[in-house]
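Structure, as structure tokens:
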Amino acid sequence: MGIPQGLTMLGLVDGNNFYVSCERIFDPTLRNAPTIVLSNNDGCAIARSNEAKALGIKMGQPLHEIPSNLRRNLHVRSANFALYGDISNRVATVLKDLFAQVEMYSIDESFIALDGIKEADWIPTCVEARQRILKWVGIPTCVGIGPTKTLAKLANKSAKTTPQGVLRATRGLVRRFPVEDVWGVGRKYAQRLKSEGVTTAQHLSEMDPTSLQSRYGVVLARTQKELRGIPCAELEVEEPQRQQIIVSRSFGKEITDINDLMQATSTFAQRACEKLRRRNLQAGGVWVFFHTNPFKDVPQYHPHKSLSFVIPTSDTRDILCMVEGLTKAMYRDAYAWKKAGVGLLDLTSETIAQGDLFAQASPRSTALMNVLDQCNEKFGRGAMSFASSAVAPDTKAKWEMRQSNLSQAFTTRWSGLLNVRL
DNA sequence: TCTGGGGTCCTAGGACCC
DNA sequence: TCTGGGGTCCTAGGACCC
């Protein structure tokens, strides 16, 4: 998997305003129009078209803080992760056709290895990749090229403002690049660095490494090395095994009743179990938390607790049992809850099972969970679930999240197919 | 009125062991 | 007044990412 030193050249392919671009594939009225996609619960802007950026809408800005005169002309969509995930896979398919090694780094970014391609062909090949992705999938992208991931990221960011959309990292680029935009430099570090006069990527790369490491930690020291062209992170073509799976949501409305809270944690636990089994993993422990509303001036409470299993399990019944116990133990009736979450911890592969001297694994458990998963895959999520998460027919849970501008599942559900009239 | 979700890695400090 | 040294493991919190 490793790339021989000296030959390494990496590209970073990144979807422009990715979620907005996904929405635009199926809704041409959004093209060239200011558009944003909101976080869950229709809370904040998490993707903005260039037109929306030009209006001054900030990343992470809450919808209710966007002035009403701007909102009149603004197209707003609720997050549709089923759609974005599917489009993301299509982009990766095109890349895997062109490049031997592709690391899907996030839903909208992939690193590619350019080794095996002549240096003169690096840029033309990346231009070809961009064109294919635009034509075949409908997503505009940019590509940054560099000897390390950090430099490829840097070039990618700079490529956004070029007509070609493909750019190779150069000394000049590093000299002008703002330190706060460097991959691995967040808000806190940027502030500290600037206070000592470090404002560009070039400045950061020239700091004394020993002093940098002792004051900022080994992570930023690696970033510095990468800026100097020394790779510290390899391409990860195989997806590393997950350590934890978390399902959490803010509620559309605050809830106070323990039954509503139980219903929520139970729903999240079942969803987490689905993800767990899809990856053929088992959980060694469970974690539950809930939150009062941090934006309200009321007494806050944020209880959280975890428990371990004697033997790891992927059986929803075992996990629900723990989650219900933890929820009951932490619930206090004096508070209104705004958010809850369930985590599965200490994940291990299903095939590596530590036996229990006093208990026997039940072969029927696996069979039952298979039926449950197959049923939900075939008939839609929640088709078959446990009573602890059930709501009365034709009603919604009190805590259901708001999604008032959700687009269809165009590519993943038959009922979501786009109708075209001639 | 309305304010996201899901991850990783590193470090410091405490508990505990011999 | 003086009060060891060295190790592991776990957890909480902080930083970062998209």
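Convention: sequence-line order gives letters A, B, ...; per-chain numbering from 1. Because the structure is a prediction, the values reported are computed rather than measured.
Per the geometry, CG belonging to A/Asp42 stands 10 Å off P belonging to B/dT3, to the nearest Å. Rounded to an integer number of Å, the gap from A/Phe18 CZ to C/dC18 P is 15 Å. The interatomic distance linking A/Phe268 (CZ) with B/dG5 (C1') rounds to 11 Å, in whole Å.
Summarising the geometry of A/Leu173 relative to A/Ala155, their closest heavy-atom pair is CD2-CA, 4.1 Å, with the distance given to 0.1 Å.
Contacts of A/Arg192 with the nucleic acid, taken as non-hydrogen atoms under 4.0 Å apart, are absent. At the heavy-atom level, A/Leu63 lies nowhere under 4.0 Å from the strands shown. At the heavy-atom level, A/Tyr189 lies under 4.0 Å from the strands shown only through sugar-phosphate atoms. A/Lys253 comes within contact range of no nucleotide atom at all, as no heavy-atom separation falls under 4.0 Å.
Judged as a salt bridge (charged side-chain N to carboxylate O under 4.0 Å, His left out), and not counting sequence neighbours, the contacts of A/Asp315 are A/Arg317.
Side-chain atoms of A/Ser110 and A/Glu103 include no donor-acceptor pair closer than 3.5 Å. Under 3.5 Å, the side chains of A/Thr35 and A/Ser49 contain no donor-acceptor pair of N or O atoms. Of the N and O atoms on the side chains of A/Thr327 and A/Thr265, at least one donor lies less than 3.5 Å from an acceptor on the other residue.
Side-chain atoms of A/Lys149 come within 3.5 Å of backbone atoms of A/Glu234 as a donor-acceptor pair (strictly under, hydrogens ignored).
Listed nucleotides: B/dG6, C/dC17, B/dT3. Nearest to the side chain of A/Lys153: C/dC17.
Where pairing requires Watson-Crick or G-U contacts shorter than 3.5 Å, the helical stems of DNA chain C with at least three consecutive pairs are B:5-18 with C:5-18.
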